[in-house]
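Just so you know, these numbers use all the heavy atoms, side chains as well, and skip hydrogens, waters and symmetry mates.
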Amino acid sequence: QVQLVESGGGLVQAGGSLRVSCVASTGTFSNYVMGWFRQAPGKEREFVATISWNGMGTYYADSVKGRFTISRDNAKNTVYLQMNSLKPEDTAVYYCTATRTGIPVMSYYSRGERYDSWGQGTAVTVSS
């Protein structure tokens, strides 16, 4: 497992943008597929986005496609989630995840059980 620490959450108005980050404490960050999930109050955790070890492969939930962008900087052990055109329904705690599973199909990583490391989360609130 790897330790993950998220940051960058906060309060933003609808239509605004926010970028959340996640730093991984590992010397082999480039071996990991990284993902973002979120959990809104009273709702189940849901998949948001995932990115391959080299950043060439990504996969998004339909609800965020075209608005959110996942990226990574392997030199900084960091994965990012750029969120644009935010909506009140994007309000949630956002969790960073990691796995070393080598399945080369990005949709495989849309399920939480594919990951073995989770961060503590960063809260994002979108006001209407």
Ignoring hydrogens and angles, tell me if any N or O in the side chain of Glu6 forms a donor-acceptor pair with the backbone of Cys96 under 3.5 Å. yes
Can a salt bridge be assigned to the pair Asp62 and Lys65 using a cut-off of 4.0 Å between side-chain N and carboxylate O? yes
Just how far is it from atom CD of Gln3 to atom SG of Cys22, taken to the nearest 0.5 Å? 10.0 Å
Using side-chain heavy atoms (C-beta onward) and a distance below 4.5 Å, is Ser17 in contact with Asn84? yes
Side chain to side chain contact (heavy atoms under 4.5 Å, CB included) filter on Asn31, not counting sequence neighbours, yields Thr28, Arg100
When rounded to the nearest 0.5 Å, the distance separating CZ of Arg72 from OG of Ser21 is 13.5 Å
Between the side chain of Thr97 and the main-chain N/O of Gly35, is any donor-acceptor distance below 3.5 Å? yes
The remaining residues in the hydrophobic cluster of Tyr115, counting side-chain heavy-atom contacts under 4.5 Å among Ile, Leu, Val, Met, Phe, Trp and Tyr, are Val33, Phe37, Phe47, Tyr59, Val93, Tyr95, Ile103, Val105, Met106, Tyr108, Tyr109, Trp118
What's the separation between atom OG in Ser85 and atom CG in Asp90, rounded to the nearest 0.5 Å? 9.5 Å
Greater than 12 external heavy atoms within 6.0 Å of Gln120's CD: no
In short, Arg114 meets Thr99 closest at the heavy-atom pair O-OG1, 3.1 Å
Main-chain N/O of Gly57 paired to Ser52 side chain as donor or acceptor, under 3.5 Å: yes
Sub-3.5 Å donor-acceptor pair from the side chain of Gln1 to the main-chain atoms of Asp116, do we have one? yes
Does the Ser63 side chain pair with the main chain of Ala61, one donor and one acceptor, at a distance under 3.5 Å? no
Start with the C-alpha gap between Arg45 and Arg38, add the side-chain angles, then the distance that decides, and say whether side chain to side chain contact (heavy atoms under 4.5 Å, CB included) holds. CA-CA 6 Å; Arg45 182 185 66 195; Arg38 67 186 182 185; over 6 Å; no
Over all heavy atoms of both residues, which pair between Ala14 and Ser128 is shortest? Give the atoms and the distance, please. CB-CA, 4.3 Å
Is the backbone of Ser107 close enough, under 3.5 Å, to the side chain of Arg111 for a donor and an acceptor to pair up by distance? no
Under the 4.5 Å side-chain heavy-atom rule for ILVMFWY, direct or indirect, which residues accompany Met34? Val2, Leu4, Val12, Leu18, Val20, Phe29, Tyr32, Trp36, Val48, Ile51, Tyr60, Val64, Phe68, Ile70, Val79, Leu81, Met83, Leu86, Tyr94, Val124, Val126
